[in-house]
Amino acid sequence: MIRVGIAAYGIVPFSKEDKKIENLLMDSVAELFVKNPEIDKRDIDGVMVSTNSNSKYLGPIVAEMSGIQPKASVSIENLCSSGTNAIVSAYSYIASGLADMVLVTGAERFDSPGRVLDWDDSRGEFKQPVFWASLFTKSYKNQFSISEEDLAVVSVKNHKQAKNNPNALSGRIFSVKDVLSSKQVTEDLRLLDCSRLCTGSASVILASKDVMENFSTEPIWITGIGQKTTSAGFTKNNSFYSIKSAKDASNTALKMAKKDVTDIDAVELHDAFSVCEPMALESMGFSKNGKSIKLIKELHQTDNFKVNPRGGLMGAGHPLGATGIAQTIEIVQQLQERSGARQIDDVKAGLVHNMSAAATSSTVLVLEK
Amino acid sequence: MSFEERLGSGEFLIPKCSQCERIVWPPSEYCSSCFGKVGLERLDFEARIVEFSRENDKYFCIVEIERSFKIIAKADRILLAGEIVSISKCGVRNGNYFFEIN
Ligand SMILES: [Zn+2]
């Protein structure tokens with residue numbers, strides 16, 4: 001199989017801006033090309049767009065607005081994990097030889113139609129994500145005797161880390177007391193336990209090894225990919241305190257990369273709500289079941305940014321179609337030692353975990369220098 | 001009539017495959033196991049609380065039906081995990097299903 005890596009990226013600050021999706025996509029595409037003048041647009045033979053927007057024909061639209069005439073141009077939608085799914089599609093085009101260089105761009109508006117899965121009637125009148133998140137939280141707390149205070153550390157840590165991310169939506173620092181006194185959404189969830197939907201745009205260019213050698217001096221390789229869909233409906237989950245899709249996807253990705261979880265130095269995981277961080281860490285093997293709160297507290301107390309260095313979804317904001325791409329860019333920057341105040345020491349391998357619809361599907365990428 | 005039409009008139013019927021007799025959830029014309037045609041059965045089914053939380057004074061809970069599939073239902077009283085309950089009210093409101101237990 002042809003080796004595939006990330007050649008360049010572009011990302012702009014997340015916001016609450018009201019802007020047409022076509023123009024939003026172009027924000028990070030333009031940023032990418034302006035910052036990487038060595039890339040010849042004529043070499044790009046694929047354009048993949050990641051969004052939950054209902055706007056049509058966005059692949060060809062982005063191609064035209066960028067002055068590119070690719071072989072393939074297409075939109076990819078898979079709710080919150082559209083971004084990494086678009087990256088996997090681009091990877092597949094290149095690894096198979098169908099394309100050599102693919103632009104992947106993702107964007108979302110703050111009012112995205114992807115915020116609720118209308119199809120999932122098993123949720124009755126409780127279709128908003130806060131309800132599945134509350135039930136996960138209740139189940140996780142009961143199963144492992146975890147308190148509301150324990151979980152609040154996730155939000156405190158990730159907002160603190162986001163403070164060092166110039167593209168993050170949140171610029172504020174919160175204490176455990178702030179989290180516990182924020183608005184009670186349900187019995188098991190506070191406002192500061194939730195990530196916020198926002199407007200955002202992020203782009204990457206993937207290239208084959210042969211093409212990469214022509215221009216990139218610090219390519220980052222995608223060495224592992226794992227994906228798992230267990231269902232579409234929330235209530236099909238068998239466990240409400242662990243994430244089967246994350247476990248299976250990370251096992252597959254690590255196996256492909258010939259890595260052990262202990263080899264991973266930086267992780268961007270899908271903390272849509274506080275409880276998702278310990279659940280994902282445990283399901284992917286970074287900690288024993290029920291023990292990751294201890295790890296999260298240690299990381300926070302020692303200012304170790306290993307988990308969600310850019311602030312995760314909670315601190316950075318969650319523009320659905322851009323999230324997986326922004327997570328990937330963070331790991332690329334960490335590997336290139338370009339993360340400024342967020343830089344983790346000596347990163348050799350990083351992992352991205354992006355999931356959808358109450359953990360019913362996950363995509364995991366392993367990236368290396 | 002479809003599951004949804006029955007639900008709309010306040011009746012919770014169990015979708016079952018006419019070929020392999022498995023319960024099929026979510027309701028569909030085709031069995032997710034063998035793609036046989038799915039019919040509806042009027043059943044005195046078991047409903048058990050799996051997990052619950054609360055929004056203001058309204059409880060919402062995961063209910064497992066016939067040890068086969070799960071839905072989220074509303075309740076206006078304190079619940080216990082593992083408790084056996086029954087669906088007291090159900091229907092379709094503004095295009096959304098709703099389920100209540102007592
Ligand atoms: Zn069947």
Side-chain angles (χ1 to χ4, degrees), chain A residues 113 115-146 148 151 183-191 193-194 229-244 273-275 279 357-360, chain B residues 2-8 10 12 14-15 23-28 32-33 47-76 78-82 85 87-101:
Chain A
R115 63 197 183 276
V116 175
L117 179 57
D118 280 325
W119 171 84
D120 195 0
D121 287 317
S122 300
R123 302 191 206 181
E125 60 198 289
F126 301 97
K127 282 185 177 167
Q128 301 287 338
V130 291
F131 296 112
W132 64 254
S134 299
L135 292 159
F136 273 172
T137 305
K138 177 65 155 287
S139 181
Y140 185 80
K141 286 196 298 190
N142 279 350
Q143 182 68 23
F144 300 115
S145 303
I146 301 294
E148 198 183 359
L151 281 176
K183 186 181 171 229
Q184 187 116 39
V185 180
T186 67
E187 182 179 34
D188 296 292
L189 214 58
R190 302 258 176 193
L191 190 64
D193 286 314
C194 311
T229 299
T230 56
S231 64
F234 160 67
T235 61
K236 284 280 169 82
N237 278 308
N238 285 325
S239 161
F240 297 98
Y241 54 81
S242 65
I243 306 176
K244 165 86 171 141
F273 298 90
S274 295
V275 75
M279 284 171 68
T360 51
Chain B
S2 69
F3 174 86
E4 187 163 316
E5 284 167 318
R6 291 288 195 176
L7 190 73
F12 195 121
I14 302 293
I23 290 177
V24 176
W25 191 267
S28 163
S32 57
S33 184
R48 189 179 59 89
I49 305 281
V50 174
E51 193 54 90
F52 62 91
S53 184
R54 179 169 55 82
E55 183 190 36
N56 300 318
D57 55 356
K58 173 181 73 184
Y59 285 83
F60 52 97
C61 52
I62 300 170
V63 183
E64 189 176 50
I65 310 285
E66 285 289 284
R67 296 177 188 271
S68 166
F69 65 90
K70 303 185 271 305
I71 56 172
I72 306 185
K74 184 167 86 172
D76 53 13
I78 295 172
L79 303 165
L80 278 174
V85 294
I87 306 283
S88 57
K89 205 173 160 189
C90 59
V92 182
R93 197 186 291 132
N94 303 324
N96 285 314
Y97 293 8
F98 69 90
F99 312 102
E100 289 179 32
I101 57 159

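Just so we're clear, the structure is a prediction, and the values are computed from it rather than from any experiment. Residue numbering restarts at 1 for every chain, and letters A, B, ... go by the order of the sequence lines.
At distances below 3.5 Å, not a single donor-acceptor pair connects side-chain atoms of A/K138 with backbone N or O atoms of B/R54. Without hydrogens or angle criteria, B/K70 side chain to A/N238 main chain gives no donor-acceptor distance under 3.5 Å.
Neither the backbone nor the side chain of A/W132 comes within contact range of chain B, judged by heavy atoms closer than 4.5 Å. Proximity to chain A is absent for every atom of B/F69, based on heavy atoms less than 4.5 angstrom apart. Residue contact with chain A, scored on non-hydrogen atoms closer than 4.5 Å, is absent for B/V92. Residue A/V130: no heavy atom, backbone or side chain, is found under 4.5 Å from chain B. With a 4.5 Å cut-off on non-hydrogen atoms, A/F240 touches chain B through its side chain but not through its backbone. With a 4.5 Å cut-off on non-hydrogen atoms, A/D118 does not touch chain B at all. In this structure, the portions of B/K74 lying under 4.5 Å from any heavy atom of chain A include both its backbone and its side chain.
Between B/E51 and A/S139, the closest heavy-atom pair is OE1-CA, 3.3 Å. When every heavy atom of A/G124 is checked against every heavy atom of B/F99, the shortest pair comes out as CA-CE1, 3.8 Å. Residues B/P26 and A/W119 share a closest heavy-atom pair of CG-CZ2, 3.6 Å. Listed here is the closest heavy atom pair of A/K236 and B/W25: NZ-O, 2.6 Å.
For OH of A/Y241, the number of neighbouring non-hydrogen atoms (other residues, nucleotides, ligands) closer than 6.0 Å is 12 at most. Within 6.0 Å of atom NZ in A/K244, 12 or fewer heavy atoms from other residues, nucleotides or ligands are found, so the atom counts as exposed in its surroundings.
Here the NZ atom belonging to B/K58 is positioned 13.5 Å from the CD atom belonging to A/E187, to the nearest 0.5 angstrom. If you take CZ on A/F126 and SG on B/C61, they are separated by 8.0 Å, rounding to the nearest 0.5 Å. Separation of atoms CZ (B/F60) and CZ (A/R123) is listed at 12.0 Å; rounding is to 0.5 Å. Rounding to the nearest 0.5 angstrom, the gap separating the CD atom in A/E125 from the CZ atom in B/R93 is 5.5 Å.
Note: A/D121 leads A/D121, A/T186, A/T137 in heavy-atom pairs under 4.5 Å with chain B.
The side-chain heavy atoms of B/I71 and A/T235, taken from C-beta on, include no pair separated by under 4.5 Å.
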